[in-house]
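Here is the naming used below: chain letters follow the sequence lines, and residue numbers restart at 1 for every chain.
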Amino acid sequence: MSRMSEQLPEYAERVLEVAERIPPGRVMTYGDVAEWLGEGGPRQVGRVMALFGGAVPWWRVVRADGVPLPGSELRALEHYRAEATPLRSTPAGGPRLDMRRARWDGDEAHI
DNA sequence: AGCTTGACCGACC
DNA sequence: TGGTCGGCCAAGC
């Protein structure tokens, strides 16, 4: 097939595919996704999400420290509330994800 | 070819 | 809890 109008790079497709598998109420970090794919790194995953994340549950792919996506934290928090994702209230500042409980390793058996 | 940037991460203090 | 630092790796300029 010829390159009509630039399709999604294969790597991007794989990243989005993983993002779609994350169960509601759970999250994976950028690094987790990269590690699961065994390809690329957190920053590559971050780039893919920045460019094409809008097509998938982007709020389920987060930074390792559990800080909601800057600029979209309100929308993200709405989703977390709606799907009962474990949050942790911090003394100063807004809520963060409770990574210990919300983190998903990508294994369907651990849902 | 070299330098900067970015939806990052872990170690350290 | 929070800030810095070095490492990371692809893209842009």
Starting at the 5' end of DNA chain B and moving along, which residue's nearest nucleotide shows up first, A:Asp65 or A:Arg47?
A:Arg47
Tell me whether A:Glu10 is salt-bridged to A:Arg14, with the criterion being a basic N under 4.0 Å from an acidic carboxylate O.
yes
Using whole Å, what does the distance between atom P of nucleotide C:dA11 and atom CZ of A:Phe52 come to?
11 Å
Whether A:Trp59 and A:His79 hold their rings parallel, tilted or perpendicular, with breakpoints at 30° and 60°
parallel
Both distances below 3.5 Å, Watson-Crick or wobble geometry, any strand: find the nucleotide opposite B:dA7.
none
Between B:dC8 atom P and A:Leu37 atom CG, what is the distance in whole Å?
17 Å
Between the side chains of A:Asp32 and A:Arg103, is the shortest nitrogen-to-carboxylate-oxygen separation below 4.0 Å, so that they form an ion pair?
yes
Is A:Gly41 touching bases, backbone alone, or none of the nucleic acid, heavy atoms closer than 4.0 Å?
nothing
Expressed in whole Å, how much space separates the C1' atoms belonging to B:dG6 and C:dG7?
14 Å
A:Arg26 bridged to A:Glu83 by N-O distance under 4.0 Å
no
Within the 4.0 Å heavy-atom criterion, would you say A:Thr29 contacts the bases, only the backbone, or no part of the nucleic acid?
sugar-phosphate
Mind checking A:Ala50 for me? I need base, sugar-phosphate or nothing, with any heavy atom below 4.0 Å counting as a touch.
base
Spacing between A:Arg96 atom CZ and C:dT1 atom C1', to the nearest angstrom:
8 Å
Base, sugar-phosphate or nothing for A:Arg43? Non-hydrogen atoms, less than 4.0 Å.
base
Nearest-Å distance for atom pair OH/P, residues A:Tyr11 and C:dA11
11 Å
Provide the distance between the two C1' atoms, one in B:dA1 and one in C:dG12, to the nearest whole Å.
14 Å
Tell me the interatomic distance from A:Met49, atom CE, to B:dA7, atom C1', rounded to whole angstroms.
8 Å
Rounded off to whole Å, could you give me the CG-to-P distance for the A:Leu51 and C:dA11 pair?
10 Å
Please check: side-chain N/O of A:Tyr80 versus main-chain N/O of A:Pro68, any donor-acceptor pairing under 3.5 Å?
no
Expressed as a whole number of angstroms, how long is the span from A:Met99:CE to C:dT1:P?
15 Å
A:Arg63 atom CZ is separated from B:dG10 atom P, nearest whole Å, by 12 Å
